[in-house]
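Here the structure is laid out as structure tokens; the discussion comes afterwards.
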There are 4 protein chains.
Amino acid sequence: MYRQTARTRILDAAEELFSGGGYDATPTARIAELAGVPKGLLFHYFPRKIDVLISLVDERTLVTEEEVEAVPGDAAGALSRLARRLPLHASPAMRRILFREADTHGSVRERLGRLNAEIIRRARFALELAMPGGRGDAARLEAAAATFAAVLLYQESLCQLTGHHIDPDAVAELIVHALG
Amino acid sequence: MYRQTARTRILDAAEELFSGGGYDATPTARIAELAGVPKGLLFHYFPRKIDVLISLVDERTLVTEEEVEAVPGDAAGALSRLARRLPLHASPAMRRILFREADTHGSVRERLGRLNAEIIRRARFALELAMPGGRGDAARLEAAAATFAAVLLYQESLCQLTGHHIDPDAVAELIVHALG
Amino acid sequence: MYRQTARTRILDAAEELFSGGGYDATPTARIAELAGVPKGLLFHYFPRKIDVLISLVDERTLVTEEEVEAVPGDAAGALSRLARRLPLHASPAMRRILFREADTHGSVRERLGRLNAEIIRRARFALELAMPGGRGDAARLEAAAATFAAVLLYQESLCQLTGHHIDPDAVAELIVHALG
Amino acid sequence: MYRQTARTRILDAAEELFSGGGYDATPTARIAELAGVPKGLLFHYFPRKIDVLISLVDERTLVTEEEVEAVPGDAAGALSRLARRLPLHASPAMRRILFREADTHGSVRERLGRLNAEIIRRARFALELAMPGGRGDAARLEAAAATFAAVLLYQESLCQLTGHHIDPDAVAELIVHALG
DNA sequence: CATGAATGAGCTTTCATTCAT
DNA sequence: AATGAATGAAAGCTCATTCAT
């Protein structure tokens, strides 16, 4: 009746519900209901509840690790671009799931770790290329990259939890200035 | 039989278990068991499960908001000191609970919000006092304070989730350099 | 395993137990046990315990409100027939439940109210038709109908609670005589 | 601290709560709370919960069984007076308890049985004395007395449950007319 | 008498998961 | 693949009752 769409609709429903109320607080029955499929079918596609989360992260979250070109001399611009285009292909809902359920299952944690590493790598790359002459030692550069990654990763959560908004562009400019 | 200790032991047990497996994944029965009290007694002190979490945050978490002295000229030192002494009186376990269960209940979120605001306030204060002449505009100072707060708040989670360690002292030095 | 019978067996068991010990004093576990189904299945069909009672009243209690023919001149006979055939399709057990749990839930109360109204309507109809000339004013006729309804409704409870038996036929004859 | 009032206040509270929500639905804790006494004290005065109900019925319900004078010739008046002054000394709340909890415990049932018997006895007495010559045979007189008792006992419940009001005076007049 | 912490059996309800069709 | 009834362990919570002080 649903052909290949049943599985997709289950994942759609789970994405919405996990992102809203959290994995633990979402019964499989509600996922099936929202997906419009019978409860049994859910377990046909995903033998255990955790498999829904795992598949979600596996299939709807992609940390892009390809090389990026950087324009020497415009480190701030490169960081801003990084902020606007996280190396993460994922819907806002999936992002929330990724951060929220990081300790629910290893596969989620692993994905988040990869994302963090990739952001750091790119930030480091941008800063290195952009600041010729290697002013500022390696340790400071490392701290700068890690700081930028932390801000990017938690900016959204922080805003949601504390109401305090952080402007990534301002942080980018700040960091570049620190290394300039 | 337990005098005034039963309630305390329940909170002790909850602190340990919530910090370990999370609020949702911890049955009240296990809390009681670890506390060495009958299940019913838990509900004598805490009518609903969520009240255990609320009391924990209420009683074992204190965001200190008193004024702090700052030494003009040593902004990096002030930030380092802030990092080493968060304006938060709480055990490591309670800290984990605070960050992890922020979306489980409003009272937890509120406490985390207050903590964030207080860190930003102190960081701003330290930076303002330390950099005479007001070099660097207000917006940049604001970004610097918020960045430092984000790093302090999530440093521990980040390390736990991604394995990547951030050195707050290095970040402090970086930020001060940016405003210098 | 049970086909369409599981739900029926649950209602059967509930009917027996509610009628015996009362709604409040009957644990859902005993209903399931008597029905020979697992506890969980009861909540599959009836999400809350009260839904068992509501369904019971809804499905196993019918107040028939169709018109009735009355033989002019034989009011006592009509009332006796009314007593023997209450406009209520329900087992003796369901009758007991109806009277006993009237304040447990609105739906039970509503059903009992409808039954009372219907008995009064029929009694009035029988008396009106049977006594040509309208001897006895309207108020007396109304009191007669209400009295007969009260006796019919509570006759069984009264007997059970006080041990005192009332003969509806004698009351019918009495009432007709009063209006004669 | 309360001297002899504690026990009284417990009974007061129980009377209010039993009459409102019913015996089963009233926790002993709420009784103690409303009475303003600690839970333990309740069980000092009443070892089991049911003892509260029993004491209530024992002490706050009195079926008066003394002789009554009847005025020959005014049966309707005698019945009306009986309706207005039930041979029952009890608050409206206690009345509700008596009818509602009749199957909760034997002592309540017994009291209700005594009340019913006494009403029948008085109604019979009034009718016998008032109608000289013994018109109407004994069986009809018996039915008349029982009918009047049924109406008096359940009039209040009926009104509460079905919304239908019965006027005892009209029933009195009706019954007397039936025997006249 | 007075107190309220302590006790544990039992309650309703939830839920992931299985399985026959 | 599709269906939803079936299952039972476990959850949160209630409550009459006990008891040490």
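Hydrogens, waters and symmetry mates play no part in the numbers below; they use all other heavy atoms, side chains included. Just so we're clear, the structure is a prediction, and the values are computed from it rather than from any experiment.
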(message) Can you tell me how the ring of C:Tyr154 sits relative to the ring of D:Tyr154, calling it parallel under 30°, perpendicular over 60° and tilted otherwise?
(response) parallel
(request) Go through F:dA6, E:dT17, E:dT13 for me and flag the one nearest to the A:Arg48 side chain. (result) E:dT17
(message) Using heavy-atom distances to pick each residue's nearest nucleotide on DNA chain F, tell me which of C:Lys39 and A:Gly40 is more 5'.
(response) A:Gly40
(message) For a side-chain contact (heavy atoms from CB on, under 4.5 Å) check, start with the C-alpha distance between C:Asp58 and C:Arg111, then their side-chain angles and the critical distance, and finish with the verdict.
(response) CA-CA 9 Å; C:Asp58 259 20; C:Arg111 201 54 60 106; 3.5 Å; yes
(request) Would you mind reading off the distance between A:Leu42 atom CG and F:dA1 atom C1', rounded to a whole angstrom? (result) 14 Å
(message) Just the rounded figure in Å: distance from P of E:dA2 to CZ of D:Arg7.
(response) 13 Å
(message) Let's see if you can work this out: which of E:dT18, E:dA5, E:dT13 has an atom nearest to the side-chain heavy atoms of B:Leu41?
(response) E:dA5
(message) Expressed as a whole number of angstroms, how long is the span from D:Glu33:CD to F:dA16:C1'?
(response) 16 Å
(request) Would you give the length of the straight line joining atom OG1 of D:Thr26 to atom CG of D:Leu17, rounded to the nearest 0.5 angstrom? (result) 5.0 Å
(request) Indicate whether OP1 or OP2 belonging to E:dA16 is found under 4.0 Å from a side-chain N or O atom of A:Thr28. (result) yes
(message) Strictly below 4.0 Å: does C:Tyr45 bring a side-chain N or O up to OP1 or OP2 of F:dA6?
(response) yes
(message) Both C:His44 and B:Ala29 contact DNA chain F. Which one's nearest nucleotide lies toward the 5' end?
(response) C:His44
(request) Using whole Å, report how far CD1 of D:Ile31 lies from P of F:dT17. (result) 11 Å
(message) Do the side chains of D:Arg7 and D:Glu59 get close enough for a salt bridge, i.e. N-O under 4.0 angstrom?
(response) yes
(request) In whole angstrom, give the distance that lies between atom CD1 of C:Ile50 and atom P of E:dC11. (result) 17 Å
(message) Using a strict threshold of under 4.0 Å (side-chain N to carboxylate O), is an ion pair present between C:Asp103 and D:Arg100?
(response) yes
(request) Report the distance from atom CZ of B:Phe43 to atom P of E:dG10, rounded to the nearest whole Å. (result) 18 Å
(message) What's the closest nucleotide to the side chain of D:Lys49 if the choices are F:dT7, E:dA2, F:dT17?
(response) F:dT17
(request) Please report, rounded to the nearest Å, how far the P atom of F:dA10 is from the CG atom of B:Asp24. (result) 18 Å
(message) For E:dT21, give the paired nucleotide (Watson-Crick: N1-N3 plus N6-O4 or O6-N4; G-U: N1-O2 and O6-N3; both under 3.5 Å), or none.
(response) F:dA2
(message) Does the structure show a Watson-Crick or G-U wobble partner for E:dG8, both distances under 3.5 Å? Name it, or say none.
(response) F:dC15
(message) Measure CZ/B:Arg9 against P/E:dA5 and give the value in whole Å, please.
(response) 16 Å
(message) With nearest nucleotide decided by heavy atoms, which residue, C:Pro27 or C:Pro47, maps closer to the 5′ end of DNA chain E?
(response) C:Pro27
